[in-house]
Structure formats: structure tokens, C-alpha cells
Amino acid sequence: MATKTITVTEEAYERLRTMKRGDESFTDVLLRITGGEKDVMKGFGSWKESGLREAVEDAREEFDEDFENRQASQ
């Protein structure tokens with residue numbers, strides 16, 4: 001397997017070192033924290049039934065109404 005050498009600051013090295021588990025190599029840690037999943041579409045739709053869209057729309061309507069009221073009173 002080919003390897004590459006990279007330079008990191010002491011702070012970055014220490015953070016990476018603290019993330020190591022058991023007998024993991026730095027390569028193992030980097031692969032784990034950067035994720036192996038390359039499908040960018042994987043998460044789309046995962047919040048579909050959460051009610052978040054409705055909550056955001058309600059908040060937006062309330063904000064717009066409040067803004068219009070403030071503009072009218074000036």
C-alpha cells in the first residue's frame with residue numbers, strides 16, 4: 001500500500017492522538033473520522049417525517065407577520 005507524509009501542527013496531532021482507540025493507527029483514525037461513505041445522497045429525506053419543515057414554515061410565518069406589524073406601526 002502506498003503512503004503519504006503530511007505535516008500537521010502540534011495541536012492537530014494531539015487532537016488526532018486523543019481520538020485513537022486501542023491499537024488504531026493514525027490512518028485508521030483518519031479513515032474513521034472522515035467517513036467511508038461516499039454517497040452524498042444518503043442523508044437526503046432522513047428528516048422527512050420529523051415535522052421540522054412544518055415548524056420552520058410556522059416560525060417563518062410568525063416572523064413575517066411580526067415584521068409586517070412592526071413596519072406598519074412605524
Side-chain angles (χ1 to χ4, degrees):
M1 165 175 42
T3 62
K4 296 284 185 182
T5 301
I6 61 172
T7 303
V8 297
T9 64
E10 288 287 327
E11 180 182 8
Y13 172 82
E14 288 302 320
R15 287 185 187 189
L16 188 61
R17 188 178 62 79
T18 62
M19 298 181 88
K20 285 180 72 174
R21 297 176 182 164
D23 62 348
E24 271 187 324
S25 68
F26 282 104
T27 296
D28 294 336
V29 176
L30 288 169
L31 291 173
R32 176 171 47 83
I33 65 174
T34 58
E37 185 60 53
K38 296 182 180 184
D39 182 5
V40 298
M41 300 299 284
K42 181 180 178 186
F44 283 86
S46 60
W47 288 42
K48 186 175 182 180
E49 303 299 324
S50 70
L52 180 62
R53 181 184 194 96
E54 294 79 13
V56 170
E57 288 172 355
D58 291 345
R60 175 65 186 256
E61 289 172 13
E62 184 178 329
F63 175 81
D64 288 346
E65 185 177 308
D66 183 57
F67 181 75
E68 289 173 12
N69 291 339
R70 289 175 188 252
Q71 292 293 6
S73 67
Q74 289 182 352

Around Glu54, counting heavy atoms of other residues, nucleotides and ligands shown, do more than 12 lie under 6.0 Å from its CD? yes
Asn69: what forms a side-chain hydrogen bond (donor to acceptor under 3.5 Å, both in side chains) with it, not counting sequence neighbours? none
Residues, nucleotides or ligands: over 12 heavy atoms within 6.0 Å of Glu57 CD: yes
For Glu14, is there an ion pair with Arg17 - N to carboxylate O distance below 4.0 angstrom? yes
Heavy-atom closest pair (Arg32 atom, Met19 atom, distance to 0.1 Å) is NH2-O, 2.6 Å
Could you see if Leu52 belongs to whatever hydrophobic cluster contains Phe63? Use Ile, Leu, Val, Met, Phe, Trp, Tyr and a side-chain cutoff under 4.5 Å. no
Are the charged groups of Arg70 and Asp66 less than 4.0 angstrom apart, N to O? yes
Residue list, side-chain hydrogen bond (donor to acceptor under 3.5 Å, both in side chains) with Gln71, at least two apart or on another chain: none
Apply the side-chain contact (heavy atoms from CB on, under 4.5 Å) test between Phe26 and each candidate in Leu16, Ile6, Val8; give the one that qualifies. Leu16
Set of side-chain hydrogen bond (donor to acceptor under 3.5 Å, both in side chains) partners for Glu65, sequence neighbours left out: none
